[in-house]
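These numbers were taken from a predicted model, which means no experiment stands behind them.
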Amino acid sequence: IMFVLCPAALLYTIYLLQNHLAVEANPFLRYFWNINVWCFSLVKLSTYAVPLFIIEKIKHNNPKFVQNLLRAGVILYIFNYVVLSVIINK
């Protein structure tokens, strides 16, 4: 789910930013947005791709823990994205 959710959120974020419907709240990511969309995309993708890669490597040691961790990650990601988007861009 995270392999689909995160790129979809990235594409939606790019759409919103390019059309001036939102602002990037994260100062670290805003810096890369101000450089260009490709740089922003690479950095934003790496912020979740690296942790997901690590999780994939450790899931064989404790699959139940990783499954619960990923479920919690999906819930928190959606919650944060929706709530913070509404708060910041109202």
Side-chain angles (χ1 to χ4, degrees):
I1 292 175
M2 292 298 280
F3 283 106
V4 174
L5 181 64
C6 293
L10 170 65
L11 293 174
Y12 185 59
T13 300
I14 291 170
Y15 168 79
L16 293 173
L17 293 173
Q18 285 182 333
N19 291 291
H20 306 286
L21 300 171
V23 294
E24 178 55 60
N26 182 327
F28 177 73
L29 289 174
R30 188 178 323 121
Y31 171 80
F32 293 103
W33 175 256
N34 290 330
I35 295 173
N36 65 44
V37 68
W38 299 108
C39 189
F40 173 80
S41 298
L42 180 64
V43 173
K44 188 158 176 94
L45 286 172
S46 69
T47 62
Y48 73 84
V50 171
L52 288 177
F53 176 78
I54 293 168
I55 287 171
E56 279 296 314
K57 290 293 184 185
I58 66 168
K59 78 176 181 181
H60 301 293
N61 295 336
N62 196 342
K64 192 67 175 168
F65 171 73
V66 170
Q67 183 180 30
N68 290 332
L69 185 66
L70 287 172
R71 284 181 181 155
V74 168
I75 292 167
L76 289 172
Y77 190 94
I78 293 170
F79 177 80
N80 282 335
Y81 193 85
V82 170
V83 170
L84 292 176
S85 293
V86 168
I87 290 171
I88 291 169
N89 297 299
K90 59 180 173 177

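Residues F53 and I58 fall into different hydrophobic clusters, defined by Ile, Leu, Val, Met, Phe, Trp and Tyr side chains chained together at heavy-atom separations under 4.5 Å. Note on L45 and L42: separate hydrophobic clusters, where clusters join Ile, Leu, Val, Met, Phe, Trp and Tyr whose side-chain heavy atoms are under 4.5 Å apart, directly or indirectly. L76 and L70 fall into different hydrophobic clusters, defined by Ile, Leu, Val, Met, Phe, Trp and Tyr side-chain heavy atoms under 4.5 Å apart, directly or through other members. Hydrophobic clustering (side-chain heavy atoms under 4.5 Å, transitive across Ile, Leu, Val, Met, Phe, Trp, Tyr) keeps I75 apart from V4. Following chains of ILVMFWY side-chain contacts shorter than 4.5 Å, one cannot reach L11 starting from V43, and the two form parts of different hydrophobic clusters.
The two residues V37 and Q18 have their closest heavy-atom pair at CG2-NE2, 4.1 Å. In this structure, L29 and F40 approach most closely via the heavy-atom pair O-CD1, 3.4 Å. Counting all heavy atoms, side chain and backbone alike, L21 lies closest to Y15 at CD1-CE2, 4.0 Å. Among all heavy-atom pairs drawn from E24 and R30, the shortest one is O-NE, 2.8 Å. Listed here is the closest heavy atom pair of N36 and W38: OD1-N, 3.0 Å. Residues S46 and P51 approach most closely at O-CD, 4.0 Å, considering heavy atoms.
Applying the side-chain hydrogen bond (donor to acceptor under 3.5 Å, both in side chains) criterion to Q67, with sequence neighbours excluded, gives no partner residue. Legend: residues meeting side-chain hydrogen bond (donor to acceptor under 3.5 Å, both in side chains) with S41, ordered by chain and number and at least two apart, are absent. When the ring-ring contact (aromatic ring centres under 6.0 Å, His included) test is applied to F28, the partners found at least two apart in sequence or on another chain are F32.
With values rounded to the nearest 0.5 angstrom, Y77 atom OH is found 5.5 Å from L5 atom CG. In this structure, NZ in K44 is found 9.0 Å from CD1 in I14, a value given to the nearest 0.5 Å.
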